[in-house]
Asker: 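Sharing a structure here in structure tokens format.
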2 protein chains.
Amino acid sequence: MEHPQRQTILQTPSLKEAVEVIKQGISRHRTVIIAGKCTVDYDGRASSKLESGERLVIFKPDGSALVHRPKDYSPVNWQPSGSIFHTKLVQDGLVIRVFRRKEKESMVIAFTELQMVSVMDLKDNVEFTLYASEKEMQEAILYKPDLLESGFRPMTKEMAVDPGFIDIIGYDATGTLTVVEIKRVKANKKAVEQLKKYMDVIDLDENRPVRAILVAPDITGDALELLLELGYEFKALTPQNCSEVLKQKKGKPLTAFFNP
Amino acid sequence: MEHPQRQTILQTPSLKEAVEVIKQGISRHRTVIIAGKCTVDYDGRASSKLESGERLVIFKPDGSALVHRPKDYSPVNWQPSGSIFHTKLVQDGLVIRVFRRKEKESMVIAFTELQMVSVMDLKDNVEFTLYASEKEMQEAILYKPDLLESGFRPMTKEMAVDPGFIDIIGYDATGTLTVVEIKRVKANKKAVEQLKKYMDVIDLDENRPVRAILVAPDITGDALELLLELGYEFKALTPQNCSEVLKQKKGKPLTAFFNP
DNA sequence: TAATAAATGTCGTTT
DNA sequence: AAACGACGTTTATTA
């Protein structure tokens with residue numbers, strides 16, 4: 001055989017057939033996929049009960065476990081990585097207990113019928129890259145401040161103030177101190193309130209005019225109302241806009257943008 | 001055959017063998033599970049790129065799709081239910097496009113090698129019940145107000161005020177108006193700020209003393225500091241406590257608690 | 001549809 | 001370990 005067998009697949013196995021395959025798969029740090037009729041009980045931060053039905057259950061080598069029903073994006077039950085699995089064949093069925101000692105959480109899956117048991121050795125070590133995050137919008141404005149407005153000069157990024165971090169502080173074309181808050185999705189009232197919290201601190205520290213600009217692809221009606229009431233400003237900018245700008249950048253470090 | 005074949009499992013199939021099975025599985029509203037080497041590109045609210053590696057990919061009958069790496073609880077890429085799947089065999093491999101027209105989102109999965117293709121008809125219609133939610137904590141306090149403090153009399157639940165909904169409003173033993181905010185996990189500063197927003201409205205509307213009580217299993221140091229600064233109070237109460245109380249309730253409607 | 005808050009949120013980062 | 005904020009948050013609820 002050219003390719004050594006890197007997966008074991010059992011179709012409608014008996015519980016007895018399955019138990020050793022599952023145990024070995026878990027102990028050898030494989031990804032174990034089980035489809036079958038089961039109940040699931042969870043107890044920890046909350047507690048839950050799921051009566052018998054057919055589900056897809058996944059145990060990963062890092063100790064994460066997922067129970068998926070045939071609908072919905074999110075698992076009905078789960079435990080995050082770092083959990084410990086115990087597999088046992090009992091009178092009633094094949095029981096897999098998932099523990100997290102630290103969090104005092106447990107999830108118990110009891111199978112009565114199996115449609116499939118699959119054990120695989122998935123090799124996957126490449127990087128995952130997410131583009132057009134809020135950080136990237138920030139980078140884009142620092143790289144090309146005209147994106148915000150003509151003549152804007154960034155001074156600091158992520159300045160620490162009491163309530164948190166101000167995304168960008170700089171001076172506008174007339175030399176007025178300007179606080180910039182960036183959101184990558186439509187801005188709501190919460191975003192304006194966050195900006196206000198920063199402004200409260202800035203206004204307290206300095207005794208001179210300060211502008212506040214909220215940058216986002218869009219803004220809700222309520223948020224715009226509050227924004228204008230507070231005398232702040234809105235600048236429409238999408239992650240895609242920023243992504244385009246960053247394509248020109250290519251590897252210049254962020255520190256390069258803070259030269260005189 | 002006693003049990004009609006309710007699943008199709010292909011082990012290390014060729015892309016050509018797999019494509020028809022996948023297409024049929026999707027069109028017949030089955031759960032389709034694919035393990036294999038693939039790349040994943042996402043474009044929508046953000047965009048992402050995942051280079052070639054071995055992953056577990058799930059397509060559900062409701063139009064949700066998940067891409068799982070061999071680590072982590074959360075999928076590396078996904079689309080929620082209501083998405084549309086397009087499967088196509090091209091020169092480079094087996095490509096499955098997942099669309100959400102409304103959200104202008106797409107995820108493209110391109111397989112070059114397959115370890116497994118499994119198509120199942122999972123029957124799962126029972127209810128899932130989760131205990132010890134915030135709503136249950138609220139119900140417990142309404143059922144047995146002494147849980148909050150002796151002599152407390154609830155007046156309304158979920159009173160609508162401008163910022164949102166106040167969990168419980170009532171009168172304490174001395175007849176002072178009392179606002180109750182409930183959190184099912186350790187309360188942080190954000191919870192106190194939320195309570196403050198409610199109090200700002202209440203204090204504005206009424207010109208008399210008002211108490212504010214934050215109910216949670218625990219509270220962070222910063223949050224407690226802010227809470228006391230504002231003159232509010234903290235009452236420790238766990239979801240488990242409340243769950244115990246509710247076991248005595250057994251089906252009495254909530255409205256039954258608002259009698260003179 | 002928009003806004004608002006809960007979630008077994010999870011995840012990363014900083015203190 | 002604790003606290004805090006971001007997330008392609010998702011999900012439910014309500015105006």
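In what follows, chains are A, B, ... by sequence order, proteins preceding strands, each numbered from 1. Since this is a predicted model, take the numbers as computed values, not measurements.
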Asker: Looking for any heavy atom pair under 4.0 Å, which part of the strands does B:K190 touch: base, sugar-phosphate only, or nothing?
Answerer: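 It contacts nothing in the nucleic acid.
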Asker: Is any side-chain heavy atom of B:L148 closer than 4.5 Å to one of B:I168?
Answerer: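 A side-chain contact under 4.5 Å is absent here.
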Asker: Within this structure, what is the CG-to-C1' distance between A:D62 and C:dT10, rounded to whole angstrom?
Answerer: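 Those two atoms, CG and C1', are 13 Å apart.
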Asker: Ignoring backbone atoms, establish whether A:Y198 has a side-chain N or O less than 4.0 Å from OP1 or OP2 of D:dG5.
Answerer: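 A:Y198 to D:dG5 OP1/OP2: no side-chain N or O under 4.0 Å.
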Asker: Does some side-chain heavy atom of A:V95 sit less than 4.5 Å from a side-chain heavy atom of A:I109?
Answerer: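 No, their side chains stay 4.5 Å or more apart.
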Asker: So does A:N77 reach the base of C:dT8 with its side chain, donor to acceptor, closer than 3.5 Å?
Answerer: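 Such a pair is found, so the answer is yes.
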Asker: Whole Å only: how far is the CD1 atom of B:I166 from the C1' atom of C:dA5?
Answerer: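 Taking CD1 of B:I166 and C1' of C:dA5, I get 14 Å after rounding.
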Asker: Do the side chain of B:E103 and the base of D:dG8 come within less than 3.5 angstrom through a donor-acceptor pair of N or O atoms?
Answerer: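 No, no donor-acceptor pair under 3.5 Å.
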Asker: What is the distance from CG of B:D167 to P of D:dT14, rounded to the nearest Å?
Answerer: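 In whole Å, D:dT14 P lies 13 Å from B:D167 CG.
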Asker: What is the distance from CG of A:L195 to P of D:dG5, rounded to the nearest Å?
Answerer: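 Going from CG in A:L195 over to P in D:dG5 covers 15 Å.
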Asker: If you find the nucleotide of DNA chain D closest to A:D72 and the one closest to A:L130, which residue's nucleotide is nearer the 5' end?
Answerer: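 In this pair, the answer is A:L130.
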Asker: For A:Y73 and B:G221, find the nucleotide of DNA chain D closest to each by heavy atoms; which residue's nucleotide sits nearer the 5' end?
Answerer: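 The residue mapped nearer the 5' terminus is B:G221.
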Asker: Kindly say if A:Q194 contacts the phosphate of D:dG5, meaning a side-chain N or O under 4.0 Å from OP1 or OP2.
Answerer: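 For A:Q194, the contact criterion (side-chain N or O under 4.0 Å from OP1 or OP2 of D:dG5) is not met.
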Asker: On DNA chain C, nearest-nucleotide positions of A:P80 versus A:T220: which is more 5'?
Answerer: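 It is A:T220 whose nearest nucleotide is closer to the 5' end.
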Asker: Can you tell me if the side-chain N/O atoms of B:K186 get under 4.0 Å from OP1 or OP2 in D:dA2?
Answerer: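 No, no such contact exists.
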Asker: Can you tell me the base-pairing partner of C:dA6? Count Watson-Crick or G-U wobble geometry only, both distances below 3.5 Å, and say none if there is no partner.
Answerer: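 Answer to the pairing question: D:dT10, which forms a Watson-Crick or G-U pair with C:dA6.
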Asker: Nearest 0.5 angstrom please: B:Y232 OH to B:I213 CD1, how far?
Answerer: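 It comes to 12.5 Å.
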Asker: Using only side-chain N and O atoms of A:S74, determine if any of them is under 4.0 Å from OP1 or OP2 of D:dT11.
Answerer: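 Yes, A:S74 has a side-chain N/O under 4.0 Å of OP1/OP2 on D:dT11.
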Asker: Given the P atoms of C:dT8 and D:dC4, what is the spacing between them in whole Å?
Answerer: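 That atom pair is separated by 22 Å.
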Asker: Check whether the aromatic ring of A:Y42 stacks on the base of C:dT8, taking stacking as ring centres less than 5.5 Å apart and planes within 30° of each other.
Answerer: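 Per 5.5 Å and 30° rule: yes, stacked.
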Asker: Could you work out which one of D:dG8, C:dA5, D:dA6 sits closest to the side chain of A:K183?
Answerer: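 Nearest to the side chain of A:K183 among the choices is D:dA6.
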Asker: For D:dT10, does either OP1 or OP2 sit under 4.0 Å from a side-chain N or O belonging to B:W78?
Answerer: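 For D:dT10, OP1 or OP2 has a side-chain N or O of B:W78 closer than 4.0 Å.
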Asker: Could you check whether B:Q79 gets within reach of a base, just the sugar-phosphate, or nothing at all, counting any heavy atom under 4.0 Å?
Answerer: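 It contacts base atoms.
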Asker: The side chain of A:R45 is closest to which nucleotide in this list: C:dT4, C:dT8, C:dC11?
Answerer: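 Out of C:dT4, C:dT8, C:dC11, the nucleotide with an atom closest to A:R45's side chain is C:dT8.
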Asker: Do A:Y131 and A:T129 have a side chain donor and acceptor closer than 3.5 Å?
Answerer: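 The criterion, which ignores hydrogens and geometry beyond distance, is satisfied for A:T129 and A:Y131.
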Asker: Checking contacts here: which listed nucleotide (D:dT10, C:dT4, D:dG8) is nearest the side-chain heavy atoms of B:A46?
Answerer: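 Nearest listed nucleotide: D:dG8.
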Asker: Counting the atoms with a prime plus P, OP1 and OP2 as sugar-phosphate, which does B:D222 contact under 4.0 Å by heavy atoms, base, sugar-phosphate, or nothing?
Answerer: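 The residue B:D222 makes sugar-phosphate contact but no base contact.
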Asker: Quick one: B:L226 CG to D:dC4 C1', roughly how many Å, whole number?
Answerer: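 It is 14 Å, rounded to the nearest whole Å.
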Asker: Distance between the C1' atoms of D:dG8 and D:dT13, in whole angstroms?
Answerer: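 Roughly 23 Å separates the two C1' atoms.
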Asker: D:dT9, OP1 or OP2 - any side-chain N/O from A:R184 closer than 4.0 Å?
Answerer: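 Yes, within the criterion.
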Asker: Write down the distance between CG (B:N188) and C1' (C:dA5), rounded to a whole number of angstrom.
Answerer: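 Taking CG of B:N188 and C1' of C:dA5, I get 13 Å after rounding.
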Asker: Are the charged groups of A:D62 and B:K71 less than 4.0 angstrom apart, N to O?
Answerer: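 Salt bridge: no.
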Asker: Using only side-chain N and O atoms of A:K189, determine if any of them is under 4.0 Å from OP1 or OP2 of C:dA3.
Answerer: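 No, because none of the side-chain N or O atoms of A:K189 sits under 4.0 Å from OP1 or OP2 of C:dA3.
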Asker: I need the CD-P distance between B:E134 and D:dA12, as an integer number of Å.
Answerer: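 Whole-Å distance recorded here is 16 Å.
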Asker: What I'd like to find out is whether the side chain of A:L237 reaches to under 4.5 Å of the side chain of A:I141, using heavy atoms alone.
Answerer: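 SC-SC contact between A:L237 and A:I141 confirmed.
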Asker: Just how far is it from atom NZ of B:K49 to atom CG of B:N77, taken to the nearest 0.5 Å?
Answerer: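 B:K49 atom NZ to B:N77 atom CG measures 11.0 Å (nearest 0.5 Å).
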Asker: Rounded to whole Å, please give me the gap between CE in B:M137 and C1' in C:dT8.
Answerer: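 It is 14 Å, rounded to the nearest whole Å.
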Asker: So what does B:S48 hit on the nucleic acid, given a heavy-atom distance under 4.0 Å: a base, only sugar-phosphate, or nothing?
Answerer: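 Nothing, no nucleic acid heavy atom in range.
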